[in-house]
Amino acid sequence: MASIVLYLNNSAKDITFPLLEDRFQFLNPNTSSDSSFSSLAGTVRILLCVANSPVNSETLDKYPSLECVVGSTTGLNHIDLAECRRRGIRVTNAGDAFADDAADYAVGLLIDTLRRISAADRFVRAGSWAVKGQFPLSYKVWGKRVGIAGMGSIGRRISKRLQALGCSIAYNSRKPKANISFPFYASVQELASNVDILVVCLALTNETRHIINRDVMKALGKEGIIVNIGRGSLIDEKEMVKLLVKGEIGGAGLDVFENEPVVPQELYALGNVVLSPHRGGAVPESLLRLQEIMIANIEAFFANKPLLSEIELE
Amino acid sequence: MDSNSIGVLMTCPMSPPYLEQELDRRYRLLRFWKFPQKSELLKPHSQEIRAVVGNATIGANAELIDALPKLEIVSSYSVGLDKIDLAKCKERGIKVTYTPDLITDDAADLGIALILAVLRKICGCDLFVRRGLWKNGDFQLTSKFTGKSVGIIGLGRIGTAIAKRAEAFDCPISYYSRSEKADTNYKYYPSVIDLASNCQILVVACSLTPETRHIINREVIDALGPKGVLINIGRGPHVDEAELVSALVEGRLGGAGLDVFENEPEAPEELFGLDNVVLLPHVGSGTIETRTAMADLVLGNLEAHFLNKPLLTPVV
């Protein structure tokens, strides 16, 4: 008989996981009938959290036998990790399912911001080339100093790609990483003072909220660029918008915002800003890999084996 | 020698202003574009003009060269030489210099930028947000880059630079060029059609010659197919543009990233509504850093010539 997995989708996302539907029996509070649901709710041991569906105390209270939460995203800030830790509940994320795609996207945003790709594309589509003449010059990528805030699996992949584009790499993370030879800076501000481009790919936690604040952005400087593919709240968005509008930082490539899908309208007029609707990880080929990882986690759980992409709860 | 008496003709405005400022400072600069009637410039000044500074837009064609009997050197602010009548220059003993190598990184970076912009629809994403559409729902899912096979036409400096970058995205690399290269591990295909049949992303990075005109034709586009992506950072005439447009409009080609067009500054309007296409206004080497370095090379070549020293980057 197929193992029972609680399927929680309170996000606005219409995602399905056909590979998992084949293997497991989903218990879905939104679709199960009342009678079968209430008897199983008390015994279900594992929860599949779809997209950014919130998992908090209230959720966990409903399912007292839960031992594991399987996330379908890289970032887990929608899950109350402290509460999970308190209850001894283990948590897995998407592992490296989206890591290549996130890294590809960060590089794409970075080059776009420096070389004004989206702005130039708009210029052509508006018919401006024939009328206004040559598009203004942009900035070279090769040789730029890049600071990566957060040297996890995505940060590493970004480094590899940017090195091939001639950039030098430095980084900040909570502690220096043993097998990384790039220069380490103990604070994001110090990192920002020593680079031309700051790429933000940190996990959002209570400690990292607004870690990119006004001081950090001023340290990056008038010609500095920010690329954010982490979470919107890693950056003090109000401050960033002010600095961009005043020209006190050189530009930004942003895939995430503090209050998605709301994007500060002051940014629309800026040609040195690239805006993206949180598509950094979204490729169909990787949804296949995501399902493989979730299946592996669920099967390992039921077999009492080590989980594939368990995250450390502090 | 008073260089301020040497007549130098600049064919069109070039940015950044640094080059024009320096030419004006060092030589007697004549600006071709200030004379709506070209004969107005050429008649009184043709005997003075000993150098022409042209670029990828306006170089030195036979007509111009013929009108300048004292022309000694054409110093091109470009890598591409298709706007210079090289045969005529050779015939007249006019030296030609250009600015190789400097644009390699910018051109290769742009190639990667176009691949990412097309596959991940970065420009479409940006437009989606700017039009306020995100509140109505998510943008579509896009297509992965890492690991896709990249085929490069022309494995010169720029082609090689693109290959090295694409390798960092775990892309298998293959190529076509006139002859197989001995010093590379990339897979060689003896024809463009073979290459197009065996890669997912096809990049044009060769120089424009009579042989490579319309090297991307209907057959090649069909071979690349509805999931394939074409990237052109060479010259517009490398691609049969009419065929390309109909293939994209009809969905027979998966996508295209184009920095160059057959009839610049015109770009095919039929493509403006497609979100699997990125259209750029020939910005291949359009960075401040590179243009400044190119300007220094143009100036350096002119200086070397007028001092009877070896040219820095002559066209051989």
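- Most heavy-atom pairs under 4.5 Å with chain B: of the set A:Ile117, A:Ile111, A:Leu165, A:Asp121, this distinction falls to A:Asp121.
- The existence of a salt bridge linking A:Asp101 and B:Lys144 is confirmed by a sub-4.0 Å separation between a basic side-chain nitrogen and an acidic carboxylate oxygen.
- When A:Pro261, A:Ala130, A:Ala164, A:Pro136 are compared by the number of non-hydrogen pairs under 4.5 Å with chain B, A:Pro261 comes out ahead.
- Checked against A:Phe98 for a side chain to side chain contact (heavy atoms under 4.5 Å, CB included), the options A:Thr74, A:Asn93, A:Val283, A:Ile293 give a single hit: A:Thr74.
- Only the backbone of B:Leu274 comes within contact range of chain A, judged by heavy atoms closer than 4.5 Å.
- Side-chain contact annotation: A:Asp104 with B:Thr146, donor-acceptor N/O pair under 3.5 Å present.
- Heavy atoms of B:Leu116 lying under 4.5 Å from chain A belong exclusively to its side chain.
- Contact tally against chain A (heavy-atom pairs below 4.5 Å) for B:Ala267, B:Ala108, B:Ser143, B:Ala117: the top residue is B:Ser143.
- Contact tally against chain B (heavy-atom pairs below 4.5 Å) for A:Gly108, A:Gly127, A:Ser138: the top residue is A:Ser138.
- Interface remark: A:Leu270 contributes backbone atoms only to the contact with chain B (heavy atom separation under 4.5 Å).
- Using a cutoff of 4.0 Å between basic side-chain nitrogens and carboxylate oxygens, A:Arg157 and B:Asp170 are not scored as salt-bridged.
- With a threshold of 4.5 angstrom between heavy atoms, B:Arg291 approaches chain A through side-chain atoms but not through N, CA, C or O.
- Counting heavy-atom pairs under 4.5 Å between each of B:Glu167, B:Lys135, B:Lys121, B:Glu264 and chain A puts B:Glu264 at the top.
- Proximity to chain A (any heavy atom under 4.5 Å) is shown, for B:Phe145, by both the backbone and the side chain.
- For a residue to count as touching a neighbouring chain, one of its non-hydrogen atoms must lie under 4.5 Å from one of that chain's; by this rule A:Val274 touches chain B with backbone and side chain alike.
- Enclosure of atom CG in B:Asn185 is not indicated, since only 12 or fewer non-hydrogen atoms of other residues, nucleotides or ligands lie within 6.0 angstrom.
- Between chain A and the residues B:Arg165, B:Lys164, B:Arg120, B:Glu289, the most heavy-atom pairs under 4.5 angstrom are made by B:Arg120.
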Salt bridge (charged side-chain N to carboxylate O under 4.0 Å, His left out), that's the test. Do B:Asp109 and A:Lys140 meet it? Break it down for me. CA-CA 9 Å; B:Asp109 292 345; A:Lys140 193 178 173 108; over 6 Å; no
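- With a 4.5 angstrom heavy-atom cutoff, A:Arg115 touches chain B only via side-chain atoms.
- Defined by atom type and a distance below 3.5 Å, a donor-acceptor pair is present between the side-chain atoms of A:Ser276 and A:Asp255.
- Taking B:Thr57, B:Leu110, B:Ile112 one by one and counting their heavy-atom pairs under 4.5 Å with chain A, the maximum is reached by B:Leu110.
- At a threshold of 4.0 Å, the pair A:Glu266-A:Lys242 does not count as salt-bridged, since none of the basic side-chain nitrogens sits closer than that to a carboxylate oxygen.
- Proximity to chain B involves both the backbone and the side chain of A:Val107, based on heavy atoms less than 4.5 angstrom apart.
- A salt bridge does not link A:Lys144 to A:Asp196: none of the charged side-chain nitrogens sits closer than 4.0 Å to a carboxylate oxygen.
- In this structure, B:Lys148 pairs ionically with A:Glu285, as a charged nitrogen and a carboxylate oxygen lie closer than 4.0 Å.
- Only the backbone of A:Leu267 comes within contact range of chain B, judged by heavy atoms closer than 4.5 Å.
- In this structure, chain A has no heavy atom under 4.5 Å from any part of B:Glu269.
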Trace of the side chain to side chain donor-acceptor pair (under 3.5 Å) decision for B:Asp106 with B:Ser285: CA-CA 5 Å; B:Asp106 279 346; B:Ser285 64; 6.0 Å; no
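- For A:Phe123, the part lying near chain B is the side chain, with the backbone staying farther off; criterion is any non-hydrogen pair under 4.5 Å.
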